[in-house]
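This report refers to the structure that appears directly beneath it.
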Amino acid sequence: MNEDRTALILFGAPGSGKGTQARQLTACLHAPHISTGDILRHHIELGDELGRDVKSILKAGMLVSDELVDKLVEERIDQADAQEAIILDGYPRTVPQADEMLKMFAGRKIAPVVIHLKVDYNRVIERLSGRRICPVCGTLYSTLHSGSNPPKLEGIRDLPEGICDLDGARLITREDDSAPVIRRRLEEYDMQTKPLVEYFRDHGIPYHEVDGSQGTPLEISERICSLVRPVTPADAPAVR
Ligand code: ADP
């Protein structure tokens, strides 16, 4: 196991672009994207016991138990592809989760760095309402005029949601992307997750704020990449 693994923690409100950024940053950091939301939705799709237990919680926009997500993350970061670096999307989301995460990291010599994607709530609500997802490959699309990555084929008869540019699957709207559930998720974020900003500062965890509404997703990921990518000997300025 490597001595010092980096954990990039993508932090921010629902709809701030964590998932989009995580996908783009896997190449920059050579790290897998670990999304607790994706893991939970995968179990729901499988229809296994865990999935059945959490289905109604996700549908309502509430948070699942700390113990459950802590365990899922701990199992995931011990897998072979996560030994260089990891990108966490949607974890930690509460103070007890952050406490548990620091314990996990201390035992494994993982160094966390937080990127807080800041986006105005009105923008978030607009973005989430227009969000569409490919159920096959997970690519995110937006049907908004101002949104990034509109599906090339949308609004056609029988397929108003559009199809995935990559595999042609019929796009879907996430069940929790409806107006009342979006509001509930933002409330949960305000109450349970936002206090972590202070927590990160109090615990001396490297922390950067990035404006998640300025620029294209690619420009934002380049900004993040330059903030977190370890300086390699080739990048370092020559010593004279
Ligand atoms: P978003 O950030 O857009 O809300 P996610 O895919 O990260 O979407 O999460 C979807 C849902 O999964 C959350 O509303 C919550 O029910 C559950 N979830 C994901 N991560 C956590 C977590 N760390 N703790 C508790 N619940 C979580």
Side-chain angles (χ1 to χ4, degrees), residues 7-23 25 32-46 50-77 86-105 112 114-121 123-135 138-142 147-148 172-196 199-200 212-213 217:
L8 171 62
I9 299 167
L10 284 170
F11 183 81
S16 55
K18 302 185 299 290
T20 301
Q21 287 306 318
R23 282 185 183 81
L25 287 161
H33 168 203
I34 302 178
S35 155
T36 41
D38 284 351
I39 297 173
L40 294 167
R41 279 185 292 275
H42 181 62
H43 283 281
I44 293 174
E45 259 162 53
L46 291 176
L50 194 159
R52 288 196 300 276
D53 286 347
V54 300
K55 189 171 184 198
S56 59
I57 303 176
L58 266 79
K59 198 172 169 187
M62 316 277 288
L63 296 186
V64 308
S65 79
D66 293 330
E67 294 71 27
L68 174 63
V69 280
D70 292 340
K71 191 167 141 272
L72 291 173
V73 170
E74 184 156 30
E75 282 169 10
R76 183 63 186 87
I77 65 176
I86 52 180
I87 300 173
L88 286 175
D89 159 12
Y91 182 89
R93 243 169 157 112
T94 64
V95 169
Q97 287 178 25
D99 282 336
E100 195 52 40
M101 178 193 79
L102 289 186
K103 276 191 223 147
M104 274 182 225
F105 284 7
V114 176
I115 295 289
H116 183 173
L117 279 169
K118 299 198 87 172
V119 177
D120 180 83
Y121 279 11
R123 189 77 178 266
V124 156
I125 293 168
E126 192 190 49
R127 272 188 189 177
L128 291 177
S129 319
R131 177 161 78 176
R132 302 290 179 267
I133 298 172
C134 171
T139 302
L140 298 170
Y141 293 91
S142 173
S148 64
I172 54 166
T173 303
R174 241 171 68 176
E175 223 177 349
D176 56 352
D177 279 346
S178 67
V181 183
I182 292 171
R183 272 197 298 279
R184 179 76 232 184
R185 283 157 64 201
L186 288 172
E187 277 165 23
E188 290 283 358
Y189 176 76
D190 270 339
M191 285 184 303
Q192 314 237 47
T193 310
K194 224 171 168 189
L196 287 177
Y199 180 101
F200 296 139
S213 53

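Hydrogens, waters and symmetry mates are skipped; everything else that's a heavy atom, side chains included, is used. When a ligand or atom number is given, it counts from 1 through the structure's own listing order.
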Exercise. With sequence neighbours excluded, tell me which residues meet salt bridge (charged side-chain N to carboxylate O under 4.0 Å, His left out) with D176.
Key: R174, R185

Quiz item: Looking at K59, R183, R131, which hits salt bridge (charged side-chain N to carboxylate O under 4.0 Å, His left out) with D177?
Solution: R131

Quiz item: Does D38 pair with R23 as a salt bridge, N-O distance under 4.0 Å?
Solution: yes

Quiz item: Is a salt bridge present between R184 and E188, judged by a nitrogen-to-oxygen distance below 4.0 Å?
Solution: yes

Quiz item: Below 4.0 angstrom, N of the basic side chain to O of the carboxylate: do K71 and E74 qualify?
Solution: no

Show the distances, to 0.1 Å, for all pairs joining an N/O atom of ligand 1 and a protein N/O atom that are shorter than 3.5 Å, listing one pair per line.
residue, atom, partner, partner atom, Å
ligand 1, 2 (O), K18, NZ, 3.0
ligand 1, 2 (O), R93, NH2, 3.1
ligand 1, 3 (O), R185, NH2, 2.8
ligand 1, 4 (O), R93, NH2, 3.0
ligand 1, 4 (O), R185, NE, 3.3
ligand 1, 4 (O), R185, NH2, 3.2
ligand 1, 6 (O), R41, NH1, 2.9
ligand 1, 6 (O), R41, NH2, 2.9
ligand 1, 6 (O), R174, NH1, 3.4
ligand 1, 7 (O), R93, NH1, 3.0
ligand 1, 8 (O), R174, NH2, 3.1
ligand 1, 16 (O), M62, O, 2.4
ligand 1, 20 (N), T36, OG1, 2.7
ligand 1, 20 (N), G90, O, 3.4
ligand 1, 20 (N), R93, NH1, 3.1
ligand 1, 23 (N), G90, O, 2.8
ligand 1, 23 (N), Q97, OE1, 3.0
ligand 1, 24 (N), Q97, NE2, 2.9
ligand 1, 26 (N), V64, N, 3.1

Quiz item: Would you say the side chain of I182 lies within less than 4.5 Å of the side chain of S129, judging by non-hydrogen atoms?
Solution: yes

